[in-house]
2 protein chains.
Amino acid sequence: MSTIVDVANLARVSTATVSRVINTPDQVSPATRDKVLKAMETCQYRYNALAKGFATQKTRIIGVVVPSITNPVFAESTRGIQDVLSACGYHTILGNTDYTYAREAETLQVFRQMQVEGIIISTTDLKGEALAALNREDFPFVLTYSTVRSGPLSCVGVDNFAGGYRATAHLTANGHTRIAMLAGAFSFSDKSRHRWYGYRKCLRDNKLSYDAALVLQSDYTLEGGMAGLDRLMALDHPPTAVFCSNDYLALGIMEKARHLSLSIPRDLSLVGFDDIPMVGFLTPGLDTIHQPAYDMGQESARVLVSRLKDGPGRPVHKLLPTQLIKRGSVQPPTGTPREIPCNHN
Amino acid sequence: MSTIVDVANLARVSTATVSRVINTPDQVSPATRDKVLKAMETCQYRYNALAKGFATQKTRIIGVVVPSITNPVFAESTRGIQDVLSACGYHTILGNTDYTYAREAETLQVFRQMQVEGIIISTTDLKGEALAALNREDFPFVLTYSTVRSGPLSCVGVDNFAGGYRATAHLTANGHTRIAMLAGAFSFSDKSRHRWYGYRKCLRDNKLSYDAALVLQSDYTLEGGMAGLDRLMALDHPPTAVFCSNDYLALGIMEKARHLSLSIPRDLSLVGFDDIPMVGFLTPGLDTIHQPAYDMGQESARVLVSRLKDGPGRPVHKLLPTQLIKRGSVQPPTGTPREIPCNHN
DNA sequence: TTGTACGCGTTATCAC
DNA sequence: GTGATAACGCGTACAA
């Protein structure tokens, strides 16, 4: 593999000139420029960005950490991130943690060793040492999909509390009184926890008692959803509606409901969270809380880029709006009046 | 940021010793080792993998190029790739091309400039200069999702011809005679082209005439699927069945069919390709050709890793089996006998 | 406009 | 077991 030295020798110029031809072509006379370009051609010279990164301490690489590569919602936000970053001349490198803190810490370590210039992360442990360390060192990073509305960490996400509230309110407005929540385990998802807070608050505002038996924590998998429904339907007083803390869980429930010959929404109403593309195709379509994933990705990238440009400043907290999408997976419990006005937004 | 030089000074040893503590701890006496580790601690030393890559000309980074990050089938295969690569001590960096050759060439260039050690790519242009260049230089790379069964390029994929044949045979076996194909544009998808070859061959074997008006090329998007169905139903003799060259297109068709009040499978039978997770949740479920995406990813990574280990050898061509999954989106055209035995496998 | 010389953090090759 | 030092490819003062 040839280097600028080879090119320089061939063109009978110095390496500095070759470097200038690459980086600031106008600073070199057309004659020598052509000479150098020709030389590059003949040696099949290939630029070494690694060496540049090494020399300048700037790699133009941003690390993106997501908990799951299979959940389409993360594909969307990642697309948003990439679109903005590549427009700003940055490259993206993606790491996935499968919702485990160990892999998150490891990924973070690898990224830093690779000298990424910044990190965008959907974390599984907001209070973890890994993030604390980044923050201590003033390393540029931003949280996505989070609900943090204050504190030292920059964060772009949605109001998960409000989303959880809205989802539950949709069910209470339809006359449901036994409303379960199938949540991603709070241990790895503060988002899920905030949605649960919203759920509880909404129950309270509607004078519905909170029944801990109706709240299940689960993996974010189809199997988790399926197992969850099994447990819920085995209760003495099974719920008439379930709020799932993401669409994946809701899919698991729908699948399991089919096995149990439960009809949705007749026997069970269902609300999800995320609005991944496919839930609009189901029959019935899934009522869900839409997250603007692509926009959130874009915004996260923008926040990171300006942090990179302007240096450390006060942390940014942006919560994007969510939206309830009604498609037909919710109806009043059998034998209940149709729709009750909802004044909790 | 402290370096091994700082550590060496602090521990009163040479940089070589520090390096040994990092890479081959047994080659250094326990006493000095501890001394060095302590020094690392106190200067908050962080290893610089970039510098190592620069010094050794080995980055342990593999570039993965996919045409779409949103299509779940690529998420699956990427997961397979990552699982194998990380087990072999490689890091993965993901690039996405949105099915455009320009972005593919650019991504390839960036990856090479970053000094990736190998590339796994689902290409949009098999005959393109970008791949040819890689091959000329003996750069280690493998194609995925491809159908190439010979030639100089290593390739792990599925038999798209057989898959296309099988999908079509499923329709002819059900008595369909006007079978359309909605294909990803051949210009960017040789997979789609091979599926089309299978489609044509199957028609011929069944003595069905080939009608070019029934074959549409499209983007791999929902909108492409929707527009496609519009055009097909506007024909003088609309088809009674459609083979879609991926599930995404089939989803678009299902959505559009709903708008047109066409019932699937009563008014229109449908077969897809890929078997992305969600199509099992639809009503009716989509009949489709299952690709073992995760396995294919794993296998691609294995092929690349052994190429990396053993140096250039003869190219590998592995075609994994596909499988027809029946879920209910196909039935005989109205007023036709039920199932005709199929002897084309 | 062009050239010289050094630094970036690590590994590898010798010596000792 | 340990130390000194030359690579690795590029950017960049600074000098010419």
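Throughout, a chain's letter reflects where its sequence line sits, starting with A, and its residues are numbered from 1.
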Using heavy atoms and a sub-4.0 Å distance, could you list which residues of residues 27-36 of chain A are near DNA chain D? By number, please. none
Looking at S306(B) and V303(B), would you say the former's side chain and the latter's main chain have a donor-acceptor pair under 3.5 Å? yes
Heavy-atom distance under 4.5 Å between the side chains of K38(A) and L10(A), does that happen here? no
Give, ordered by number, those residues of residues 40-56 of chain A having at least one heavy-atom distance below 4.0 Å to an atom of DNA chain C; if nothing qualifies, reply none. F54(A), A55(A)
Heavy atoms of chain B, cut-off under 4.0 Å: which first and last nucleotide of DNA chain D, 5' to 3', fall inside that, if you could look? dG1(D) to dG9(D)
For Q115(A) and T59(A), test the side chains for any donor-to-acceptor distance below 3.5 angstrom and give the result as yes or no. no
Quick check: on DNA chain C, is the nucleotide nearest R12(A) upstream (toward 5') of the one nearest N23(B), or the reverse? Name the residue that is more 5'. R12(A)
Give a yes-or-no answer on whether the side chains of S146(B) and D190(B) include a donor-acceptor pair shorter than 3.5 Å. yes
Would you kindly compare A16(A) and Q57(B) by the position of their nearest DNA chain D nucleotide and give the one closer to the 5′ end? Q57(B)
Do the side chains of E106(B) and R103(B) get close enough for a salt bridge, i.e. N-O under 4.0 angstrom? no
Within the 4.0 Å heavy-atom criterion, would you say V18(B) contacts the bases, only the backbone, or no part of the nucleic acid? nothing
Donor-acceptor contact below 3.5 Å, side chain T24(B) vs main chain Q27(B): no
Would a 4.5 Å heavy-atom cut-off, applied to side chains only, mark D83(A) and Y294(A) as touching? yes
For the side-chain contact (heavy atoms from CB on, under 4.5 Å) test, which of T15(B), T17(B), N9(B) pairs with V13(B)? T17(B)
Chain A contact limits on DNA chain C, taken 5' to 3' with a cut-off of 4.0 angstrom to heavy atoms: dT1(C) to dG9(C)
Residue pairs passing the ring-ring contact (aromatic ring centres under 6.0 Å, His included) test where at least one lies in residues 99-141 of chain B, sequence neighbours excluded: Y99(B)-F188(B), Y99(B)-Y220(B)
Verify, without hydrogens or angle tests, whether T97(B) (side chain) and E104(B) (backbone) share a donor-acceptor contact under 3.5 angstrom. no
Compare all side-chain heavy atoms of H91(A) with those of Q113(B) and state whether any distance is below 4.5 angstrom. no
Give a yes or no on whether E129(A) atom CD has more than 12 heavy-atom contacts from other residues, nucleotides or ligands under 6.0 Å away. yes
Hey, does V13(A) reach any base, or is it just sugar-phosphate, or nothing, if we go heavy atoms under 4.0 Å? sugar-phosphate
May I have the list of side-chain donor-acceptor pairs in residues 148-156 of chain B shorter than 3.5 Å, sequence neighbours left out?
unit_1: R149(B); atom_1: NH2; unit_2: D159(B); atom_2: OD2; d: 2.8
unit_1: S154(B); atom_1: OG; unit_2: V316(B); atom_2: N; d: 2.9

